[in-house]
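What follows is a short report on a single structure.
Just so it is clear: chains get the letters A, B, ... in the order the sequence lines come, proteins before strands, and each one is counted from 1.
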Amino acid sequence: MSIRCKTGQQLNFLSLRRVVCETEFFICISLPKQFTFRKSERLKSRKALDALFQSGRRFTQQPFRVFYAIKNTPGLQFGVSVSNKNFKKAVDRNKIKRLVREAYRLQKNELQEVLEQQKKGMHLFLVYIQQDIADYPVFYKSVKKILITLIKNLREDHS
RNA sequence: GCUACAAGCCUGGCUAUCGAUUCUUCGCUUCCAGGAGAAUAGGAAAGUCCGGACAGCACAGAGCAAUGCACCCUGUCAGAAGCGGGGGUUCUGAUUUUUCAGAAACAGAAAGUGCCACAGAAAAUAACUAUCUCGCCGCAAGGCGGGACAAAGGUGAAAACGUAGGGUAAGAGCCUACGGCUUUUGAUGGUAACAUCAUCGGCGGGUAAACCUUGCAUGCUGAAAUGCCACAUAAACCAUCGUUUGAGAACGGCUCGUUCGAGAUGGAGGGUAGGCAGCUCGAUAUACACCAUUGGUGUGUCAGAUAAAUGAUAGCCCACGACAGAAUCCGGCUUAUGGCUUGUAGCUUUU
RNA sequence: GGCCCCGUAGUUCAAUGGAUAGAAUAGAAGUUUCCUAAACUUUAGAUGCAGGUUCGAUUCCUGCCGGGGCUA
């Protein structure tokens with residue numbers, strides 16, 4: 001009981017202080033099952049990747065280059081890569097990949113809903129092309145923009 | 001208190017929310033999805049500089065070649081060349097009859113070959129200048145020819161054992177004494193490297209991280225190894241060689257020799273590129289007593305991913321966190337780097 | 001993961017262990033020209049870093065740093 005009381009106090013404390021946090025918490029409480037990022041949601045097949053790089057659509061949204069392809073079978077798969085040349089240390093590469101994945105995990109729901117409505121699937125791949133490491137808010141915003149443009153493209157194609 | 005060196009230790013913690021991988025369990029006929037619980041990156045995981053474990057192939061033999069190593073004893077997962085301990089030799093610094101500290105790829109230059117710029121007579125066989133002497137010519141200065149070859153010749157990084165005496169026409173390890181270095185042999189001490197002493201002979205520079213010689217060691221390839229399952233095709237086409245007159249393979253770089261015996265090599269092209277095992281319990285850590293050199297027993301620990309998990313956000317705590325991310329495993333080395341403790345040395349302040 | 005190769009002026013390449021590291025281009029200054037180009041003259045520029053062997057290292061050896069290749 002005592003622990004619950006403490007956590008409840010902290011929650012109030014946080015929500016008063018931070019606004020971004022508040023929104024995140026609201027989503028979390030309302031839809032707790034939607035923020036998964038499992039093995040089946042990752043783009044792993046080498047064959048699919050080669051096909052995506054050769055014949056998929058692409059555009060650039062700093063600091064990423066976006067490759068995507070719309071499939072008729074349902075399911076959304078996602079992948080990230082960071083160049084070995086730009087970042088020589090494995091620690092930096094891992095950090096970027098983790099931050100991008102986190103930003104995608106928290107924002108992918110809208111795209112998923114649109115795909116479910118249209119009964120289509122998508123392969124999505126991001127390549128980090130900037131030379132230096134950005135902070136988490138930058139990743140959050142740019143991933144948001146990418147998802148919005150993707151949804152726009154989907155709706156135009158459908159109509 | 002600061003700085004330097006050496007040794008050892010640690011590599012943030014807690015709370016909340018949302019996640020990831022593996023395992024167990026609930027539920028379900030099974031899988032998937034879902035709930036609960038546990039575990040989840042380092043001292044260097046790095047560089048790949050070494051050595052192994054392990055796996056596949058090979059395991060009649062001989063010779064040559066190639067590669068690596070080089071004072072001795074000993075320990076350890078180890079034949080340790082590299083790690084730990086102890087010792088020897090040489091060099092350097094301090095100290096001064098001895099001791100301390102540091103360094104050393106520390107076998108051989110007296111088996112042979114090569115090289116040693118510039119300078120210098122000469123860079124190793126010797127020659128040249130100068131010296132001494134004899135003969136001839138010349139008034140003389142000197143010149144020419146023969147003999148002595150060994151000291152001097154200021155250069156250079158390096159110069160033909162050093163000093164004293166004898167000896168001689170002049171000289172020279174030519175001889176003697178003392179000293180230094182060194183080869184052979186022997187004695188003593190030491191497990192050995194080696195040290196001391198004696199003896200015979202010698203003293204002819206350096207370079208082996210130049211070729212090389214001697215001694216020792218080394219089968220090759222590395223988890224993208226390797227084994228299995230699934231899927232897919234082209235057992236097709238062209239060129240060369242070949243089937244007992246033997247292509248090719250074992251055999252690893254070559255030769256001899258032995259064995260096997262029908263395909264081999266290259267070109268152009270086609271297909272697949274999914275999964276499982278290897279994969280983490282070990283050459284493990286610690287404690288214990290027994291037994292006597294090596295094992296046994298008990299307890300604890302132990303990431304296992306595969307486009308690749310171990311994270312994100314917010315707050316608090318003394319420093320608001322350095323270097324940095326496993327990819328079969330282990331031991332060593334090197335490099336990067338934050339903090340703490342102990343010891344030694346130096347400097348400053350106070351007493 | 002494993003196995004190899006290479007680092008020389010701004011760039012492309014030379015240099016038996018030997019003197020002040022050479023050449024072509026690019027740069028700068030000058031001559032020429034009304035101005036530019038071309039030509040000519042002059043000039044500044046480098047052995048990846050740290051140790052060792054040697055009388056003396058671009059070269060030989062060791063360790064770091066950087067770049068590249070092969071291998072399914």
Syn or anti for [N], taking syn as within 90° of 0?
N	value
C/G10	anti
B/U280	syn
C/G66	anti
B/G252	syn
B/G173	syn

Steps toward side chain to side chain contact (heavy atoms under 4.5 Å, CB included) verdict (A/Arg65, A/Leu126): CA-CA 6 Å; A/Arg65 171 157 291 212; A/Leu126 301 187; over 6 Å; no
For [N], the Watson-Crick or wobble counterpart (both distances under 3.5 Å):
N	answer
B/C302	none
C/A38	none
B/A53	B/U328
B/A16	B/U313
B/U335	none
B/A345	B/U3
B/A38	B/U22
C/C60	C/G52

Taking the [atom1] atom in each of [N] and [M], what is the distance between them to the nearest angstrom?
N	M	atom1	answer
C/G48	C/G66	C1'	7 Å
B/A177	B/U199	P	12 Å
B/G248	C/C13	P	41 Å
B/A164	B/G153	P	16 Å
B/A119	C/A19	C1'	12 Å
C/U8	B/U218	C1'	39 Å
B/A169	B/U185	C1'	44 Å
B/U155	B/A121	C1'	10 Å

Rounded distance (Å) that lies between atom C1' of B/A326 and atom CZ of A/Arg93: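 These atoms are roughly 14 Å apart.
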Nearest-angstrom distance from the residue atom CZ of A/Phe67 to C1' of B/A307: 15 Å
Out of B/U313, B/G325, B/C18, whichever nucleotide has its closest atom nearest the side chain of A/Tyr136: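 Selected nucleotide (nearest to the side chain): B/U313.
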Residues A/Asp157 and A/Arg57 bridged, charged N to O under 4.0 Å: yes
Pairwise 5' ranking along RNA chain B for A/Phe125 and A/Lys89, keeping only the more 5' one: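 It is A/Phe125, whose closest nucleotide lies nearer the 5' terminus.
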Residue whose nearest RNA chain B nucleotide is more 5′ - A/Phe78 or A/Asp92: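 That would be A/Phe78.
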Any residue of residues 94-104 of chain A with a heavy atom less than 4.0 Å from an atom of RNA chain B: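 RNA chain B contact set from residues 94-104 of chain A: A/Asn94, A/Arg98, A/Leu99, A/Arg101, A/Glu102.
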A/Glu110 atom CD, neighbour heavy-atom count above 12 within 6.0 Å: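 Incorrect, the count does not exceed 12.
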Shared hydrophobic cluster, A/Val91 / A/Val82 (ILVMFWY, side-chain heavy atoms < 4.5 Å):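 No; tracing contacts between hydrophobic side chains, which count when under 4.5 Å, never links both residues.
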Any donor-acceptor pair under 3.5 Å from A/Glu102 side chain to A/Arg98 backbone: no
Whether A/Gln107 side chain and A/Tyr140 backbone form a donor-acceptor pair below 3.5 Å: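 A pair under 3.5 Å: yes.
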Pairwise distance CZ(A/Phe59) to OH(A/Tyr68) - rounded to 0.5 angstrom: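 If I round to the nearest 0.5 Å, the distance is 6.0 Å.
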A/Leu154 side, atom CG; A/Ile70 side, atom CD1 - distance, nearest 0.5 Å: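 Here the rounded value is 4.5 Å.
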Proximity of A/Phe64 and A/Tyr128 rings by center, below 6.0 Å: yes
